[in-house]
Protein chains: 2
Amino acid sequence: MGPSRHDRLTIGELSARSGLATSALRYYEELGLIHSERTAGGQRRFARQALRRVAFVRAAQRVGLSLDEAGAALAGLPVDRSPTATEWSRVARTWQSRIDEQIEDLRRLRDHLTGCIGCGCLSLGTCALYNPHDVQGADGPGARKLLPSR
Amino acid sequence: MGPSRHDRLTIGELSARSGLATSALRYYEELGLIHSERTAGGQRRFARQALRRVAFVRAAQRVGLSLDEAGAALAGLPVDRSPTATEWSRVARTWQSRIDEQIEDLRRLRDHLTGCIGCGCLSLGTCALYNPHDVQGADGPGARKLLPSR
DNA sequence: CTGCAACTTCAAGCCGACTTGAAGTCAAGC
DNA sequence: GCTTGACTTCAAGTCGGCTTGAAGTTGCAG
């Protein structure tokens, strides 16, 4: 009850608990992935909430989302309050399907690889399945996503 | 028999068939992922073999390998000849397990997410499973891998 | 009140994986 | 034999996701 005491984390604490460098956390804040209040002196104080957000972002990266995409997903959640179960599950559901897709992708890849070995055709190079997204030879400038596929 | 005729590809042909930009193929060659002979005039001619190698590299990227790592895996294959089934399957097997691990990872992630929603604990942020590789706050300089985990 | 670790901002650097552009050369079809 | 498009090299740029460093400020333990 009353104004909370110990649930404002310094960036160092958040770093320790999330495993991310403080520089990364500042970067995340800059991108709007997490938010902080400031002390009178200008230092950041994060709500515990931020821990969840950071964790979400890291998990999202694991399944191939960019920080921007992760941010978009998080946009559905309140910044200052803990999300309700409903809010949270809405967000979670969207990227759960993303995970499923990704698993399916990998499984196809593996099975096909096995198939090629099994049958001895060794046709990987010319096999359509391995080149599923076909021509991308002429895309755009700038960095490509690691895996432009999807 | 005799010196082959139509199994030397120009970089443009290789590009068309692999879906990669010619600039990317040159880059791959520079990294030693693929190899070419040169015409009298200095233009590249790739063996069909290169198609397989490129496909392997792309597939390897999909499961999270860097180009260097992909190259290391390919190092087990002959540069100039088609690999034997044995050679190929040796290479393939190593990264097949990589796929399996990755699938397992994703499955854990998904299941855990579901669990958190189901039980309403919403503890994602503090949940050890989401932060499996713990402290990495002080690593090194330079770019981090997208997913330093693993 | 002091000292020191932890914080602040800002600019610059870096890595991987390429792309772009300039300036020039090759090869093959008419 | 010429033209034209595909090729060549090289240097520089780009993008995401941070890290590093400099120079200065805060906040808490003693």
Side-chain angles (χ1 to χ4, degrees), chain A residues 5-6 8-34 36-46 54 57-62 64-72 136-149, chain B residues 5-6 8-34 36-46 54 57-62 64-72 136-149:
Chain A
R5 261 200 163 274
H6 219 52
R8 300 273 128 183
L9 306 173
T10 68
I11 196 167
E13 288 163 345
L14 186 56
S15 167
R17 300 196 49 178
S18 69
L20 279 166
T22 57
S23 55
L25 294 173
R26 286 192 200 98
Y27 180 59
Y28 283 9
E29 188 183 28
E30 195 179 324
L31 297 188
L33 299 175
I34 52 179
S36 65
E37 293 168 356
R38 299 302 183 107
T39 62
Q43 298 199 355
R44 289 172 180 82
R45 290 300 180 266
F46 294 93
V54 169
V57 170
R58 297 307 276 178
Q61 283 188 301
R62 291 195 75 193
L65 297 190
S66 68
L67 293 185
D68 267 18
E69 291 172 309
Q136 51 143 211
D139 256 10
R144 269 157 199 254
K145 308 196 69 169
L146 232 53
L147 293 172
S149 52
Chain B
R5 260 199 164 276
H6 218 54
R8 300 274 131 183
L9 306 174
T10 68
I11 196 167
E13 288 162 346
L14 186 56
S15 168
R17 300 196 50 179
S18 68
L20 279 167
T22 56
S23 55
L25 294 172
R26 285 192 200 98
Y27 180 61
Y28 283 9
E29 188 184 29
E30 196 179 321
L31 297 188
L33 299 175
I34 52 180
S36 66
E37 292 168 356
R38 300 301 183 109
T39 63
Q43 299 197 351
R44 289 172 181 82
R45 290 300 181 267
F46 294 93
V54 169
V57 170
R58 297 307 277 178
Q61 284 188 301
R62 291 194 74 194
L65 297 189
S66 68
L67 293 184
D68 267 18
E69 290 172 310
Q136 52 145 209
D139 256 12
R144 268 153 202 256
K145 309 196 70 170
L146 232 52
L147 295 171
S149 51

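Naming: A, B, ... by sequence-line order, numbering from 1 per chain.
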Exercise. OP1 or OP2 of dC26(C) sitting under 4.0 Å from any side-chain N/O of T39(B)?
Worked result: no
For this session: State, yes or no, whether a side-chain contact exists between Q43(A) and T10(A) at a heavy-atom distance under 4.5 Å.
Result: no
Exercise. Which pair of heavy atoms, one from R45(A) and one from R8(A), lies closest together, and at what distance?
Worked result: CB-CB, 4.1 Å
Exercise. Can you name the nearest heavy-atom pair linking S15(A) to T22(A), along with the distance?
Worked result: CB-CG2, 3.8 Å
Problem set entry | Protein-nucleotide distance (E37(A), atom CD; dC7(C), atom P), rounded to Å | 17 Å
Exercise. For D68(A) and dC15(D), what is the distance between atoms CG and P respectively, to the nearest whole Å?
Worked result: 13 Å
Exercise. Which whole-number value in Å describes the distance from R38(B) CZ to dA6(D) C1'?
Worked result: 14 Å
Exercise. Taking all atoms of both residues into account, what is the closest heavy-atom pair of S18(B) and V54(B), and its distance?
Worked result: CB-CG1, 3.8 Å
Exercise. Which atom names give the shortest non-hydrogen contact between L25(A) and I11(A), and what distance separates them?
Worked result: CD1-O, 3.8 Å
For this session: Provide, to the nearest angstrom, the distance between the CD1 atom belonging to I11(B) and the P atom belonging to dT19(C).
Result: 11 Å
For this session: Starting at atom CG of L14(A), determine the distance to atom P of dC7(C), rounded to an integer number of angstrom.
Result: 10 Å
Seminar exercise, completed: Q43(B) CD to dT8(D) P, in whole Å, measures 5 Å
Seminar exercise, completed: Sorted by chain and residue number, the side-chain contact (heavy atoms from CB on, under 4.5 Å) partners of E29(B) (sequence neighbours excluded) come out as I34(B), S36(B), R38(B), R44(B)
For this session: Please state whether the phosphate of dC7(D), meaning OP1 or OP2, lies under 4.0 angstrom from any side-chain nitrogen or oxygen of T10(B).
Result: yes
Exercise. Nearest-Å distance, CD (Q61(B)) to P (dG16(C))?
Worked result: 13 Å
Seminar exercise, completed: Comparing nearest nucleotides in DNA chain D, the 5'-proximal residue of the pair G12(B), V57(A) is G12(B)
Exercise. Are OP1 or OP2 of dA6(D) and a side-chain N or O of R45(B) less than 4.0 angstrom apart?
Worked result: no
Seminar exercise, completed: So, with a heavy-atom separation below 4.0 Å from DNA chain D, the residues of residues 24-34 of chain A are A24(A), Y27(A), Y28(A)
For this session: Can you tell me the distance, in whole Å, between the CZ atom of R44(B) and the P atom of dA27(C)?
Result: 13 Å
